[in-house]
Structures are given as structure tokens and as C-alpha cells.
Enquirer: 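The structure that follows is given in the form of C-alpha cells.
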Amino acid sequence: LGCHFYGQIEMISCWLEAYGEYKFAEQSLSLIGNYNVHFIYLNMLIPCIHLGPTDFVLVWEESLAVLKDGASEKDKSSHATQDSHRKWREDFLSRLQAAGIDQEMVILQAKKKISYVLLSAPWSVLCYYAEEISLRVPLQMVTTPNYNWSERMLEKTKIPNLMSQDVPSMPPDYYTCMFRTNKLERFLGSENKETFFKTTQRHQVLYEILARTPYGALKRGEVGIERLLSEKAFSAAYPLHEGPFQMPEGKVVDPQSLSMRQILHQYWARWASWKNYQPLDHIREYYGEKIALYFAWLGFYTGWLLPAAVVGTLVFLFGFWLMVTDAPAREICESKDEFVMCPLCKICSYWNLSSICTTFKAGLLFDNGGTVFFSIFMALWAVTFLEYWKRTSAVLAHRWDCSEFQETEERPRPEFTATAPMTLRNPVTGAEEPYFPKRRRLNRTLTGGMVIMIMVSVVLMFVVAIILYRVILSIIIYKSHNVFLIFSAGRIASLTGSVLNLLVILMLSRVYIYLAQILTRWEMHRTQTKYEDMFILKVFIFQFVNFYSSPVYIAFFKGRFVGYPGNYYNLLGIRNEDCGAGGCLIELAQELLVIMVGKQVINNIQEFIMPADNGKVKEGGQTQDAAPWETDYELLLCEGLFDEYLEMVLQFGFITIFVAACPLAPLFALINNWVEVRLDAQKFVCQYRRPVAERAQDIGIWLDILQVITYFAVISNAFLIAFTSDFLPRLYYRYNNDGNLQGYVNFTLGTSPSNFNANNTQCRYRGYRDRNGHFRPEYFHLLACRLAFVIIFEHVVFLIGRLIDFMVPDIPEDVEIKIKREHYMAKEALAENEVRTPVPLSRYLLVNRSINQPINQSNLYIIHRVILASFFNQ
């Protein structure tokens, strides 16, 4: 191939199509023609030679079907769409080439035509964008070893550390600062251009270019690879994995020779590593700080669940002892026909309180004096957990060079940069940056808030519908005259209602997440962190109501507005729902277990089985010698960490907000999280395409949400113990009855009015009322005790939490010293007042000659300044 060049071109990318022999595609000729390349000789067949290390891969698929005469409108529309996509791709790729990106095309043709474009960034492009997006590069190696708190504690106590493992190829730690091209010689490793920038940094540069490159009209938002992917013009865009994750079979391999992906699989993603520390530095090296921080938080949270699970299990076992020794339980079981209870509905019959003996004893497992202690314990546990996570997060952020990322280093989102209507000078950096008016954003945010309120109203409508479903189902079961079903009517209605509620929750979640993505994009947030924070906030507000509305109803409203025999309250013509025979707390525990455990089981099935099935289907057409970009294309798309965080944060809410009703919740969470860590690790290493590395300073707005949940948990548990649990009524009765609970059951029951039944049959019901339906004095005494308990409980817990917050600094002292040391080194490295090399006068004159400017009075003044500057620098 001979080429004649018109203009200044650094390289030419040869585009080839494979049809048994190599030929130049027509679209390729037109594309290269855009760069004024004139072909002199075109009869040479050339193999497809890779131009350099592949930093990114673009893929699209095309049908080989030819449009025939008489084709349907659908086929014609599809063909027109393909033509439009082809034009977009040609324009996009030509602009990438104009930006200096090296390209190589590989085409596979079987049932359909699959085109791969391998992208790599030359050194000059990497340097320009590294400075543009504020990449950090090493100044000096840090020799201080990194320990976590458990390693340090076990080492001091001389206890063998079973969780430790020796992971090869430990990434070194450096003092770093932001990259500057004119200070290149100051940075470590700058003499080797191939390895100076890490692989993840090269991926970040390529993605920045891909995300901000337009392919059409800016007014229509035709910018960036994400829009092209959503329009199906490209099928995928991803960086390559570092080879296969499997270990070589039948060979003894030196651990130091393993690739980073193989190390992560061998020492992290396998089930055999369940008891070992996660190799967080290796995860950060391969996937970036954002993903590494997620796994660091998940591991930290799982470790802290261990003491909570132990204490909760002991409290639950304490309930078994109460089942045997509890005086009110014996009274109920031995009462026989002493307590005849009023019918639970209009068509229901009278029933004996002794029939709920087993249910009442089961309720003691969840409602006993130990739950008060456990509620206080979990409230303080949550506060302490968050404080120590802040310290751990600060240590990791400094170690991974992200401690000042959000304040000074984060750049505007590429999509925002390309579509913002105007620019404004950044008051911090002084750079001219894209700008979107705050008033317009506020209007859009308020519109999004109205949509959230509408969706929350939809959730509450479904909650009311499920309440009516439980009441109506109970009536239907009672009308069936089936003795077994009638005896279990309340439990059947409650359990099926919980399952139906879970299905409604999962359905509404999918709808709203899609809606929240559209609203957040429309609001035009400047940085990726702000964009994600607003998206997370929208979804969490909805999910909070979606997941917690039914438990809140059972805990605080169910059975509160029932009335009394002869004066029952109705909702839509149906008698208000009352608590079951065993009380509301056992129903709340059932609801929590169905929603929390059910959601965890469904998520784990989706994560474990469905990706495996998809992988088997995709891998069926592969050959063993497939190229790496082909192998990675068959993997699943990584859709980010939002779903993973949301699942864990909702779980955190279940084990803190309603922990007084279910002491076993931390144990179920601990078991789930041990499985979750390995499932997520396997997904990232084995099943997902490699995501683009993203930087992050912390877990973002999730930390604020966790703190809000902690405050809700304190208040919620105070009201649960005071108004839903039997703890305070038992304490009150014991205080007024010489310290014993004999007669407590009769104390908690009211007697129906004399005009309730035509036969003047008196019955009992739960409530502190007299025979006329008026509240007894004990009701008001208990109400005062309950309100006082709520105030004292939350004040004591919040006070202790504040003391813990004051005593545990967010940033450890040694990390503060390291941060100051790094600032000093960065200042020294990038100082502008260092001794400069004198500039020869001939160099300045040569520059003026090259642009054909005469040496006038102004030029002469500048020459004098150059001479003086050179003199003083010497």
C-alpha cells in the first residue's frame, strides 16, 4: 500500500473486511478520504496488524439480510435505522480519529456481522487528558505497611489470624499529586511511557474522550458513547480484561506471574476464600476506587454484623426460657373456658383465649425484656459502626489518593460538558467550565419532587389495598366453614398478604428506578457525584416508603383504631383490621422476615442462577482460540453499584428500625452478606465485562442515608417498645402487684358492654376499657409511662451516640500527618519558583521567524524581559 499525504497526519488506520480475503471496505475508503489520503496502489493484501495496546473496544452488530423489493414497512424502517446508525458511527469514529485516537477494526462474519474497533491512546493524548481530568501520578513510594484494625488487634493479643492471607503482587503505595506535563520528569516512572499511566487511568482517558465526542447535532443531545449505546448504534463499549481468570491446568505456576484478574479470582472470588480478608488494594488496582470502596464497606459492615448477630441470637434464645417460665403464658394455656373472647368479625364466632396458647408462647421469642436491651444495643451499635466506618473510609481515601477528589479534582460529567447551554468560570480552579442555570435546575428538581410524591401516593394506595385484601380474605375463609382454615384464618391472611406485598414492592421498584433515571438526567447535574447523589436520593425516598410502609402500619397503626364491641370503626364499609391472636409484634416479625429474607433469596437467585444461564447460552458459540475482545463481548454488562448498595442499605434499615420485633434479623443479614461478598466478587471477576474505573472519595450519599436511618431506628424502637411491645404494661403491673404477674392476662382484657349481644353473652377483648367502653385510669397511667419512656430512651441513646461521635475522630491522627506530608511534597514538586534553565535569545528569534513576524518595539521589549529573566535565574 502506497499513500501520498496532503497535510500533517501522524498515522493511518487501515479498515478491513474479511470475506475469505482482505479487501478495503467502501465505507473505509470514504472515511480515510476525509483525511486527504490519496491511494496510489491498491492491489496489495494486508493482514490486520494491531497498532498498540488496546485501551477500549467498541462493538456493533449488523444483519446480513439484503432488503428486497416488496419488503414490509417494518423491514424498510429497520433498514433506514441501520443506515442512520451507520452514518452516526462513521461520524463518531472520524471525530475520534481527529482527536488522535488510534483505531483498528476486526470483523467477524457468521450468522451476523460483528465489527470490533480496538482503540488505543498515544502518549500525547494520554498526557493532555491526564492533565485535563486531574489524574494523580506517583511522586515517592510509601514504605509504611497497611494494617486493618482486626489485624492490629490480633497481633497485639498474640492470637493467630486465620483471616490473613499472603496475596502476591501487592500494588505499591505512593505519595501522589495531580499530573502536569511540564513537570513530567518530577514523577516516578516517567522514563517509561508504556507503564507510566496505569491501565485503569488509560481506560479513564479513553472513556472521557468517548463520552464527550459528538456524532451529530449538539442541540439534540447527539453526544457521547452512552447515547449511541442507548440508540443501539453500538452494541457495547468496554475496556479489556487482563486475560482469562482461570489458572493454567496441570502446571505449577509462580504466584508472582499471575495476572491481576487471576489473583482476584484465586484469592477473592472463590468460595474457599470466605474466611479471608478481601484484597482491597488489588481490587482498587484492577477496578478503581469506587468499586473497591463498595467492597471495603460491605466487608466492614459484614464484620460488624457478627457481634450484633451473636447478641440477637442470645436474646432470641432467652425467649425459649420465657416460654417455660412466663406466668401470663401459663395463665392463658391453663385458662380453658375462663376467657371467652369476642368475635373477630361480624360473621365470626366466639372463641376461647386458651386456643392461642402456642401462638402466645411463640410471640415471647420476639417480645420479651431482652428486646429492650437489644434495641439499645443496636442503636449504639449503628452509631459506633458509622463512626468507625468514617475513620476507615478516611484511611482508604488517603491511601488511594482520593481524599480531596470531590472538592478540587472532580471534573464536570462528559454528558454535561457536551450539552450545557453556556460556560462560566470556576471560582476554585479559575478554569472556564460548562454551566447550567441554577433556577432552571431548581424548577426541574421541583418537578421531579412532584413525581416522587405521586409515586409515593401509589405505594400507599397499594398498602391500603393489601390491608383490605387481608380483611376480605379472612371473611371468605370464615364463610367456608372449614374448621382447619377458620382456625388459621388470621395467619393465612397475614402470610399471603406479606407475600403479595413483597411482589408489589419488587414490581413498583423496577418502574420507579427507570423513571428516576430519566428525571435525574433531565435535571442536568454538573458532576458525576452530584448526579448519582440525586438519583440515589430519589430512589431511596421511594424505596423507603415502598419497603417500610407495610411494617410501619403493622407496628404503629394496626389494631389502634378498632373500637370496642358494639362500636367498631370501619374503613370503606369494612371493620378496621385488628392484630392477630398472638399480638401485632409477632405479625411484624413475620412481615420483616418475609420481606427481608424473601428479597435476599430472590436477589441471590437472580445473581447466582441467571448470570450463569446467560453465560452458558453466550459461550455456546465461542471457540477456544477466540480473541480477548470477542471473549469479553460475550460477558454481561456491569450496570454499576446502585442495586448492590440499595440492597444493603435497605437491609441495614430492617435490622435497625424494627430490630425490637425481630432479634434474629442481624443473623440473617450476616449469613446473606457472607454469600453476597462472594457472589458479587464472582460477578465482577468471571461474569461481567470490565467496567471503567471510577474515582470516589467515599460511599457518597449512602453514608448520609445510613445516618438518617440510624436516627429513625432510635425513634422507631422507642415507640415499638413503648406502644407495641408488652414490656411496659408488664412492668407497670409488676410494680403495682408486689413484683409478680399473676392476673396480668385479666388486667389487659376489657369486658363487652351488656347490649353487645342479644343473648346478653359477655365476652372479653383486648383493651383497657370498662363495661361502658370508656378508658380505665390504668390506660392513662400507661400512656404517661409510654411517652416518658420514649423521651428518656431517645435522649439517652442520642447522648451516648454524641459522646461516641466526639470520642472517635473521623480522621486518624497518623492519616492527617500523611496528608500534610503529601501536600508538602506536591507543593515542592509543582513549585513554579524553581531555578529555570536560561532561554537562548536565538530560540525566541527563531520562533518569531517561523511565524514571519518582524522584530518590532513590542518584540524588543519581550526580548529584554527574556534576557533579564535568564540572568537572574543563573
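Predicted, not measured: the structure shown is a model, and the values here were computed from it.
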Enquirer: Please round to the nearest 0.5 Å and tell me the distance separating atom OG of Ser190 and atom CG of Leu184.
Expert: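 Going from OG on Ser190 over to CG on Leu184, the span is 4.5 Å.
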Enquirer: Name the orientation class of the two ring planes belonging to Phe684 and Tyr287 (parallel below 30°, tilted from 30 to 60°, perpendicular beyond 60°).
Expert: perpendicular
Enquirer: Can you confirm if the aromatic rings of Tyr301 and Trp297 lie within a centre distance of less than 6.0 Å?
Expert: yes
Enquirer: When you measure from the side chain of Ser259 to the backbone of Gln262, do you find a donor-acceptor pair of N or O atoms at a distance under 3.5 Å?
Expert: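 Flag set: sc Ser259 to bb Gln262 pair under 3.5 Å.
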Enquirer: Compute the ring centroids of Trp268 and Phe295, then answer whether they are less than 6.0 Å apart.
Expert: yes
Enquirer: Examine the side chains of Asp401 and Tyr174 and answer whether a donor and an acceptor come within less than 3.5 Å of each other.
Expert: no
Enquirer: Using 30° and 60° as the class limits, which term best fits the ring planes of Phe187 and Phe196: parallel, tilted or perpendicular?
Expert: tilted
Enquirer: Mind checking whether Tyr633 and Tyr238 have parallel, tilted or perpendicular rings, split at 30° and 60°?
Expert: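 Judged by the thresholds at 30° and 60°, the geometry between Tyr633 and Tyr238 is parallel.
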Enquirer: Does a side-chain heavy-atom distance below 4.5 Å link Ile705 with Ile536?
Expert: yes
Enquirer: Side chains of Glu131 and Thr181: any donor to acceptor distance under 3.5 Å?
Expert: yes
Enquirer: Hey, does Leu58 have a side-chain heavy atom less than 4.5 Å from the side chain of Leu96?
Expert: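 Yes - at least one pair of side-chain heavy atoms lies under 4.5 Å apart.
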Enquirer: Could Arg212 and Tyr207 be counted as a cation-pi pair, given that NZ or CZ must be under 6.0 Å from the ring centre and within 45° of the axis?
Expert: no
Enquirer: To the nearest 0.5 Å, tell me how far Phe197 CZ sits from Leu126 CG.
Expert: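 Reported to 0.5 Å precision, the distance equals 6.0 Å.
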Enquirer: Just to verify, what does Tyr645 make a side-chain hydrogen bond (donor to acceptor under 3.5 Å, both in side chains) with, not counting sequence neighbours?
Expert: none
Enquirer: Does the distance from a Lys or Arg side-chain N to an Asp or Glu carboxylate O, for Arg202 and Asp55, drop under 4.0 Å?
Expert: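 Yes, this pair counts.
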Enquirer: Can you list every pair that meets salt bridge (Lys or Arg N to Asp or Glu O under 4.0 Å) and has a residue in residues 287-302, with sequence neighbours left out?
Expert: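 Listed once each, the pairs are Arg284-Glu289, Lys290-Glu532, Lys290-Glu694.
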Enquirer: State whether Asp698 and Lys390 are salt-bridged, where the test is any N-O pair (Lys NZ or Arg NE/NH1/NH2 against Asp/Glu carboxylate O) under 4.0 Å.
Expert: no
Enquirer: Check the orientation of Tyr215 and Phe92. Use parallel for under 30°, tilted for 30 to 60°, and perpendicular for over 60°.
Expert: perpendicular
Enquirer: Please find out if less than 6.0 Å separates the ring center of Phe300 from that of Tyr388.
Expert: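 Aromatic pair excluded; centres sit 6.0 Å or further apart.
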